[in-house]
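Have a look at the structure below before the remarks.
Here the structure is a predicted model, which is why all the values come from computation and not from measurement.
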2 protein chains.
Amino acid sequence: MRPSITTRETAPRKAIAALIAERHGHFTAADLLADARRSNLTIGRATVFRTLDLFAEQGALERLDLPSGEHAYVACVPTEHHHHVVCRSCGASAEVADTGLQAVVRQIGDRSGYRIDSHRLELYGLCPTCRRVGAQ
Amino acid sequence: MRPSITTRETAPRKAIAALIAERHGHFTAADLLADARRSNLTIGRATVFRTLDLFAEQGALERLDLPSGEHAYVACVPTEHHHHVVCRSCGASAEVADTGLQAVVRQIGDRSGYRIDSHRLELYGLCPTCRRVGAQ
DNA sequence: CTTCATGCAAACCCTTTGCACGTCG
DNA sequence: CGACGTGCAAAGGGTTTGCATGAAG
């Protein structure tokens, strides 16, 4: 289906993938680096960045721009086009299909005269758990 | 209508506003700083950042996160909630109302269980002019 | 073996901060 | 005049790069 980017199965990459799997919400490169140090793994800063880029290209990660301007990542299954809902309290995130959004995008294209070929929708709020707990 | 944030009409602020007015598409803080130098204006780096923040708070600018991860700004009229369509060729941008998006957001909230309280939609494509010229 | 990935450190941004001076109102 | 804004330089983060070593296929 896909040209599958040529990459090697290296120890650092497996380690980083494992660290990501243990995380719940979104995380930054610095978070991962800290995780690695905590686990006594010797992984270079550069490797973390290079690997995050790689995973993002492969679709296993998606890069988010938080409202604060921070660059974060979330794990996601490389599936159809989708968007993320991010909890501003605990950082958890969920994937959502863009049902209905296609129509909105098309309409915006028509009205603006732009030929729209990509878009990003990011949603922020409180996840069910944090709602219940009453976090603000 | 609005508490109108208290600010002073200073020379640097007017100068920066003028530089912004001369720009067409989106721009970064570095762009503005370069503009200022080019015009032989003595404006400190810090002032540019502080002023951009100020304008953004006032609603005269909106901060965009380009797909590249760059932080850019676009001028906009401080009006209702809206979104921006950005031309990936020339950087021009247009404002669009979020007609229909409200419904999508509501639906996503229902399905995901999140209480969504803010969102960002950014659209990328080619503006009418670049389409005509055939830019890719 | 050959190619590709790593680690390290330095280099490079971009953005913020501390502080003394200038100025708007 | 008093509060607020400015410029400068330095600090602070985040991200990238150059290069020799090491591992993968």
message: Could you tell me how far apart B/Arg50 (CZ) and C/dT16 (P) are, to the nearest whole angstrom?
response: 10 Å
task: Check the distance between C/dT6's P and A/Ile16's CD1 and give it to me in whole angstrom.
output: 7 Å
statement: Closest heavy-atom pair, A/Arg120 versus A/Arg63, reported as atoms and distance to 0.1 Å, is NH2-O, 4.4 Å
query: Base, sugar-phosphate, or nothing: which does B/Thr42 touch, judged by heavy atoms less than 4.0 Å apart?
result: sugar-phosphate
task: Could you state the atom-to-atom distance from CG of B/Leu52 to C1' of C/dT16 in whole Å?
output: 14 Å
statement: Under a 4.0 Å heavy-atom criterion, DNA chain D is touched by chain A from D/dT15 to D/dG25
- prompt: For the pair made of CZ in A/Arg8 and C1' in C/dT6, what is the distance, rounded to whole Å?
  reply: 11 Å
statement: From the candidates C/dC8, C/dT6, C/dT15, the one with an atom nearest any side-chain atom of B/Arg63 is C/dT15
query: Which heavy-atom pair separates B/Ile43 from B/Pro12 by the least distance, and what is that distance?
result: CD1-O, 4.4 Å
task: Would you kindly give the CD-to-P distance between B/Glu9 and C/dG25, to the nearest whole Å?
output: 7 Å
- request: To the nearest Å, give me how far apart CG (B/Asp31) and C1' (C/dC14) are.
  value: 13 Å
Phosphate contact (C/dC14 OP1 or OP2) by B/His71 side-chain N/O below 4.0 Å: no
query: Would you say a side-chain N or O of A/Thr10 is under 4.0 Å from OP1 or OP2 of C/dT6?
result: yes
query: Would you say the side-chain atoms of A/His24 and A/His26 include a donor-acceptor pair closer than 3.5 Å?
result: no
- request: Could you check how far CZ of B/Phe27 sits from C1' of C/dC14, rounded to whole Å?
  value: 16 Å
message: Within the 4.5 Å heavy-atom criterion, are B/Leu52 and B/Ile20 side-chain neighbours or not?
response: yes
query: Salt bridge check: are B/Arg50 and B/Asp53 linked by an N-O gap of less than 4.0 Å?
result: no
message: Is there a side-chain contact (heavy atoms from CB on, under 4.5 Å) between A/His71 and A/Asp65? Walk through the geometry before answering.
response: CA-CA 5 Å; A/His71 293 154; A/Asp65 291 297; 2.8 Å; yes
- request: Could you check how far CG of A/Asp53 sits from C1' of C/dA5, rounded to whole Å?
  value: 14 Å
- request: Name the nucleic acid region contacted by A/Arg45, choosing base, sugar-phosphate or nothing; use a 4.0 angstrom heavy-atom cut-off, strictly under.
  value: base
- request: Report yes if the side chains of A/Leu19 and A/Arg23 come closer than 4.5 Å at any heavy-atom pair, otherwise no.
  value: no
